Structures are given as C-alpha cells and as structure tokens.
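Counting convention: from 1, in listed order, for ligands and their atoms alike. Just so it is clear, the structure is predicted and the values come from calculations on it, not from any experiment.
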Amino acid sequence: MKPIIGITSNLDSTAHTLQNTYIQAVITGGGIPFVIPTGVESDVQQITALIDGLIVSGGGDMNPVLFNEEPVPQLGNVTPERDSNELKLVTHMLEADKPILGICRGHQVLNVALGGTLYQDINSQIASPVLQHDQKAKREHPSHAIHIEKGTILESITTSEKIMVNSFHHQALKEIPSPLIVSGKSSDGIVEAVESTDHHFVVGVQWHPEALLQNEDQVSMRLFEAYMKACVERMVAVESY
Ligand code: MN
C-alpha cells in the first residue's frame, strides 16, 4: 500500500493552482498525491482521516493578523481563506500525529499553527546583512548554503552538516515555539528548517526540495523518501490499533 499524501494548493482569483513538481515529487517518492483545495475547513477531520501525510505547499504571504501584527508596507499578497484552511489541516494532522512536510510557505504555516511568529519581510525587518533569499536564478538552482544541526531528523537525511538549497522567500520564521526546534539555518541566521521533537515526522523547510528534485538532487530525493517512509510507518501503526 502506498501512502496517500494530501498536498495543499494555492487559490488565486479564479483557480486553484499547484506546481506539478509537488505532484511529481510525491509520485517519485512512492506516494499517491491527493490535491486539497481551500474551502474545506468544515471537513478537515474527515480529510485528515483519509490522508496518510500532508504536504503544505509554497505560496504567498501569511496574514500577519494570525500572529498579532499589523501589516508592514513590504507585505505581499495574503489569502486569508487559504491561511485558515491550512492552519486547521495542520492542527488536525498534528493531533493525529500524521507526518507533515511544510515547504516554504508551508514551513511558515507550521510555525504559526503551533503559535510561532514570522518576519513579514526579512529585508526590512532584520538589521544584519541578509543574503539574497528571493533568488533570480531558475527554481532548480541551489543558491545559498544552510548549516544543519547535529542529531536532527534533517541531519539523518542530509548526512551532511552543510547543504545547498534554492530560495524563494521574503518572509521567515521569527519566534519558534516548542515542540519545534531549529534544524537548519543559513549563514545570515535565517531559520531554514524546523522539526518537531514530539511527533513522528513533522518537518518544515524554507526551500523548495520538490524543485531541486528536477535536477535529481540527492538530498531532496532522500527527504521525500524519508517522509514517505514515515507516512508508511504511521499507516501501519494506525492499522494495528
Ligand atoms: Mn533562503
């Protein structure tokens, strides 16, 4: 049995969208992709029961109201209905202890769902010099390095203290609540990866491994494989009750 992986999607004015790279990453990793639209908040309990894992995908900015802040001028597009839909999905998946992989915006959603806060715009809100985190190169190009914390799930996947990642964000994690811990940082101190110490597999990454996979990036391949493996382990655990 393959795990069924829910992937959240973006909502623009007329359409739900999701980059094909997410779908391909799940198929390549050994799962069945299942796209979740915005607007299903009242049914998240049933959806959570259906899926074996959740990938919270990338997208626009989170509404700063969600972490008790007013918008700064540099805030980009927000989609409040997507925020609330994803926050509810993440909360239910955490309760069920089913694996979550948060990617870019999804990494930020994970942090906010647990009570954390964000920098609305790193370029204007962080005093120290900040790297280029909104790269101009193509999506599969790894542009900056990150340093991996020893003893983390991420380190067991990367098997390296330093990896190269792509970068398409101007927001970042600020306060990180327990049970999340920082598992990866860029050289300018931006939190590029987190994971839960209280769940089977709950990982957030600020970069886009599904895009790096287009170049057959080995760390990204292992990340999706480790995630699918965790989903299968939880499937077996739930079935054996
Ligand atoms: Mn970055």
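Side-chain atoms of Asn10 and Arg82 include a donor-acceptor pair closer than 3.5 Å. Checked by atom type, the side-chain pair Glu69/Gln120 shows a donor-acceptor distance below 3.5 Å. Using a 3.5 Å distance cut-off with no hydrogens or angles, the side chains of His200 and Asp97 do not pair a donor with an acceptor.
The N, O or S atom of His144 lying closest to the Mn ion (ligand 1) is NE2. As for His169, its N/O/S atom nearest the Mn ion (ligand 1) is the one called NE2. For Glu192, the N, O or S atom with the smallest separation from the Mn ion (ligand 1) is OE2. Looking at His133, its N, O or S atom nearest to the Mn ion (ligand 1) turns out to be ND1.
Residues Tyr227 and Leu54 approach most closely at OH-N, 2.8 Å, considering heavy atoms.
Residue side and main chain included, Gln206 places no N/O/S atom under 2.8 Å of the Mn ion (ligand 1).
When each of Leu75, Leu87, Val78 is tested with Met62 by the rule side-chain contact (heavy atoms from CB on, under 4.5 Å), just one qualifies, namely Leu87.
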